[in-house]
**Q** 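Sending over a structure as structure tokens; questions will come in a sec.
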Amino acid sequence: METRTRSKEPVYARRINRVLAYIDKHLYEDLTVDVLSDVANFSKFHFHRQFSQHCGISLSRYIQFMRLKRAAYRLAFNPTAPITDVALDSGFENPESFSRAFKAAFGQTPSAFRKKPDWASWSARSRISLPLSERTNDMDVKIIDVEPILVAALEHRGAPALLNDSVQRFIAWRKSSGLSPVSQCETYGVPYNDPNTTPPEEFRFDICGSVTEPVAGNEQGVVTKTIPGGRCAMTVHAGSRDRIDESVYALYRHWLPESGEELRDFPVYFHYLNLDHDTPEHRHLTEIYLPLK
């Protein structure tokens, strides 16, 4: 009996992941139990318990949390969006109920978060243990040659939970310098460590924007670097960047051993194809580059 139960766990996880993907695509729609249980092919009479068992959170709380999480990004990275609009778009009837729910979830009111986000607390409160999404045989990996890329880089050093602080500093530099405008230049991320296995104080991540000339001294600490050219394995991660490590691990764990390729001495890096924080997460596209000899 135990073996039979365990054999069903991957199947159930895939069904729950279908539900999570559906919720992300239809986050602001009426997400009823009838609809979601049908997506998962579960009985609606047991769906709530099955969802809670796999995700560690109730369905209603998860939906509200994802709406609040998307609202947090809009507040921090889209300062022109009125809080009232963010509240209504998040499914709340008025700003007061939105403010109460937001503070309960993240420890700050929406206005306080917009002024000075406590990203460390936000990150700690944002953790949800979701079932892993399997990426193996469906990966489309191409081997390509890339040219060296001159970039302006802000070197984040410290806890991954504070990475959004560095992102905001880099955005401030982009706006003030005009040297790497988002509309004309590319945006990259270079993780030197695995955030899941590296002590927080040792985590390193470069936030980069392509430039055509070296960067002058600036108060944000942005410097000039080069992402080296050469052969790379490239695949596209579609969806939430919170789960990009699943695609990275699949490259290392499944594709690389079967490919016969060897790695070059430069870390895996990301090319962000869209950055709009109003864009639903299921539309986020990120190219992953694995440097090869």
**Q** Counting only heavy atoms from other residues, nucleotides and ligands, does the tally under 6.0 Å from CD of Glu147 exceed 12?
**A**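 No, CD of Glu147 has 12 or fewer neighbouring heavy atoms, counting only those of other groups under 6.0 Å.
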**Q** Does the distance from a Lys or Arg side-chain N to an Asp or Glu carboxylate O, for Lys293 and Asp265, drop under 4.0 Å?
**A** no
**Q** Would you mind reporting whether Val141 and His254 have side-chain heavy atoms less than 4.5 Å apart?
**A** no
**Q** To the nearest 0.5 Å, what is the distance between CZ (Phe266) and SG (Cys232)?
**A**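 Nearest 0.5 Å value for the CZ-SG distance: 9.0 Å.
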**Q** Quick one: pull up CD1 in Ile23 and OH in Tyr28 and give me the separation to the nearest 0.5 Å.
**A** 13.0 Å
**Q** Check whether Phe205 and Leu162 end up in the same hydrophobic cluster, where Ile, Leu, Val, Met, Phe, Trp and Tyr are linked by side-chain heavy atoms less than 4.5 Å apart.
**A** no
**Q** Under 3.5 Å, is there a donor-acceptor pair linking the side chains of Asp38 and Tyr22?
**A**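 On atom types as modelled, these side chains do not qualify, holding no pair under 3.5 Å.
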**Q** As a quick check of understanding, evaluate salt bridge (charged side-chain N to carboxylate O under 4.0 Å, His left out) for Asp85 and Arg74, giving each step before the final call.
**A** CA-CA 10 Å; Asp85 289 354; Arg74 288 187 67 190; over 6 Å; no
**Q** Counting C-beta onward and ignoring hydrogens, is there a side-chain heavy-atom pair between Ile288 and Met139 closer than 4.5 Å?
**A** no
**Q** Out of the candidates Arg169, Arg204, Lys225, only one should pair with Glu155 under the salt bridge (charged side-chain N to carboxylate O under 4.0 Å, His left out) rule; please name it.
**A**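 When salt bridge (charged side-chain N to carboxylate O under 4.0 Å, His left out) is applied between Glu155 and each of Arg169, Arg204, Lys225, only Lys225 qualifies.
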**Q** Determine, step by step, whether Tyr62 and Phe51 satisfy the ring pair (Phe, Tyr, Trp, His ring centres under 6.0 Å) criterion, reporting the C-alpha distance in whole Å, the side-chain angles of both residues, the deciding distance to 0.1 Å, and the verdict.
**A** CA-CA 10 Å; Tyr62 175 79; Phe51 186 93; 5.7 Å; yes
**Q** Once rounded to the nearest 0.5 Å, what's the spacing between atom CZ of Arg283 and atom CG of Asn274?
**A**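 Answer rounded to 0.5 Å: 10.0 Å.
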**Q** A side-chain contact here means heavy atoms from C-beta on lying under 4.5 Å apart; do Ile143 and Glu261 qualify?
**A**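 Result yes, sub-4.5 Å side-chain heavy-atom pair found.
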**Q** For the residue pair Pro191 and Phe270, establish whether any side-chain heavy-atom pair is separated by less than 4.5 Å.
**A**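 Heavy-atom side-chain distance check passes, below 4.5 Å.
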**Q** Please check if any side-chain donor atom of Trp119 sits under 3.5 Å from a side-chain acceptor atom of Gln168, or the reverse.
**A**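 Yes, Gln168 and Trp119 have a side-chain donor paired with an acceptor closer than 3.5 Å.
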**Q** Are any side-chain N or O atoms of Ser177 and backbone N or O atoms of Leu179, one a donor and one an acceptor, separated by less than 3.5 Å?
**A** yes
**Q** Give me the atom names and distance for the closest heavy-atom approach of Tyr252 to Val268.
**A**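 Heavy atoms of Tyr252 and Val268 come nearest at OH-CB, 3.9 Å.
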**Q** When you measure from the side chain of Ser180 to the backbone N and O of Ser210, does any donor-acceptor pair fall under 3.5 Å?
**A**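 Yes.
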**Q** Is the closest side-chain heavy-atom distance between Arg174 and Thr187 below 4.5 Å?
**A** yes
**Q** Rounded at 0.5 Å granularity, tell me how far OG in Ser183 sits from CG in Leu275.
**A**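 So the gap between those two atoms works out to 11.0 Å.
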**Q** Taking all atoms of both residues into account, what is the closest heavy-atom pair of Lys44 and Val33, and its distance?
**A**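 In terms of heavy atoms, the two residues are closest at O-CG1, 3.9 Å.
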**Q** Show your reasoning for whether side-chain contact (heavy atoms from CB on, under 4.5 Å) applies to Tyr249 and Asp194.
**A** CA-CA 10 Å; Tyr249 291 152; Asp194 182 346; 2.8 Å; yes
**Q** Between Ile207 and Leu163, is there a side-chain heavy-atom distance shorter than 4.5 Å?
**A**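 Answer yes - side chains close enough.
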**Q** Are Ser99 and Pro110 side-chain neighbours, meaning at least one heavy-atom pair lies under 4.5 Å?
**A**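 The answer is yes, as the side chains (C-beta and beyond) meet within the 4.5 Å cut-off.
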**Q** Give a yes or no on whether a salt bridge exists between Arg70 and Asp24, defined as a side-chain N under 4.0 angstrom from a carboxylate O.
**A**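 Salt bridge between Arg70 and Asp24, a charged N being under 4.0 Å from a carboxylate O: yes.
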**Q** Which heavy atom in Ser43 sits nearest to a heavy atom in Gln50, and how many Å separate them?
**A** O-OE1, 4.5 Å
**Q** Donor-acceptor pair, distance only, cut-off 3.5 Å: does the side chain of His156 make one with the backbone of Gly158?
**A** yes
**Q** Are the ring centres of Tyr73 and Trp122 closer than 6.0 Å?
**A**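 Ring centres of Trp122 and Tyr73 closer than 6.0 Å.
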**Q** We want to know whether Asp245 and Ser247 form a side-chain donor-acceptor pair, criterion being a heavy-atom distance below 3.5 angstrom.
**A**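 Per modelled atom types, Asp245 and Ser247 side chains form no pair under 3.5 Å.
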**Q** For Lys103, does its backbone N or O pair with a side-chain atom of Thr109 as donor and acceptor, under 3.5 Å?
**A**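 Checked: no pair found.
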**Q** Decide yes or no for Thr224 and Leu150: does some side-chain heavy atom of the first lie under 4.5 Å from some side-chain heavy atom of the second?
**A**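 Contact flag for Thr224/Leu150 side chains = yes.
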**Q** Would you call Asp242 and Arg127 a salt bridge, using N to O less than 4.0 angstrom?
**A**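 Salt bridge absent between Asp242 and Arg127.
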**Q** Begin with the C-alpha distance, continue with both residues' side-chain angles, and end with the deciding distance and a verdict on side-chain contact (heavy atoms from CB on, under 4.5 Å) for Val236 and Asp140.
**A** CA-CA 8 Å; Val236 176; Asp140 180 16; over 6 Å; no
**Q** Evaluate the side-chain contact (heavy atoms from CB on, under 4.5 Å) criterion for residues Leu292 and Leu263: first the C-alpha distance (whole Å), next the side-chain angles of each, then the deciding distance (0.1 Å), finally the verdict.
**A** CA-CA 4 Å; Leu292 306 173; Leu263 298 178; 4.0 Å; yes
**Q** Has Arg18 got a side-chain atom pairing as donor or acceptor with Val39's backbone, closer than 3.5 angstrom?
**A** yes
**Q** For the CD atom of Gln64 and the NZ atom of Lys69, what is their distance to the nearest 0.5 Å?
**A** 14.5 Å
**Q** Using 30° and 60° as the class limits, which term best fits the ring planes of Phe47 and Phe42: parallel, tilted or perpendicular?
**A**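 Tilted.
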**Q** Restricting to non-hydrogen atoms, name the atom on Ala216 and the atom on Asn218 that form the minimum distance, rounded to 0.1 Å.
**A**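 Scanning both residues, the minimum pair turns out to be O-ND2, 2.9 Å.
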**Q** In terms of the angle between their ring planes, are Phe113 and Phe102 parallel, tilted or perpendicular, with boundaries placed at 30° and 60°?
**A** perpendicular
**Q** Is it true that Asp145 and Arg231 make a salt bridge, defined as a side-chain N closer than 4.0 Å to a carboxylate O?
**A**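 No, Asp145 and Arg231 are not salt-bridged.
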**Q** Compute whether any side-chain donor of one residue and acceptor of the other, for Arg15 and Ser37, lie under 3.5 angstrom apart.
**A** no
**Q** When you look at Leu285 and Glu287, which way does the side-chain contact (heavy atoms from CB on, under 4.5 Å) test go after all the steps?
**A** CA-CA 7 Å; Leu285 296 173; Glu287 292 177 339; over 6 Å; no
**Q** Could you report the tightest heavy-atom contact between Leu88 and Asn94, atom names first, then the distance?
**A**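 Heavy atoms only, the tightest pair is CD2-N, 4.5 Å.
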**Q** Do the side chain of Asp206 and the main chain of Cys208 share a donor and acceptor less than 3.5 angstrom apart?
**A** no
**Q** Are Tyr289 and Tyr188, when compared by the centres of their aromatic rings, separated by less than 6.0 Å?
**A**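 Tyr289 vs Tyr188: aromatic centres not under 6.0 Å.
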**Q** Parallel, tilted or perpendicular: which describes the rings of Tyr12 and His54, with under 30° parallel and over 60° perpendicular?
**A** perpendicular
**Q** Check the pair Arg61 / Ser52 against side chain to side chain donor-acceptor pair (under 3.5 Å), numbers first and verdict last.
**A** CA-CA 10 Å; Arg61 285 188 60 200; Ser52 298; over 6 Å; no
**Q** Report the C-alpha distance between Asn78 and Arg114 in whole Å, list the side-chain angles of each, state the deciding distance to 0.1 Å, and finish with yes or no for side chain to side chain donor-acceptor pair (under 3.5 Å).
**A** CA-CA 9 Å; Asn78 189 353; Arg114 167 167 276 176; 5.9 Å; no
**Q** I'd like to know if the side chain of Asn17 and the backbone of Ala13 have a donor-acceptor N/O pair within less than 3.5 Å.
**A** yes
**Q** What about Val223 and Ile171, same hydrophobic cluster or not, with Ile/Leu/Val/Met/Phe/Trp/Tyr joined at side-chain heavy-atom distances under 4.5 Å?
**A**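 Per the 4.5 Å side-chain linkage, Val223 and Ile171 are not co-clustered.
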**Q** Where do Ser176 and Gln220 come nearest, in terms of heavy atoms and distance?
**A**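 Distance-wise, the nearest heavy atoms are OG-NE2, 4.0 Å.
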**Q** With rounding to the nearest 0.5 Å, note down the distance linking CG in Leu75 to NZ in Lys115.
**A**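 Nearest 0.5 Å value for the CG-NZ distance: 12.5 Å.
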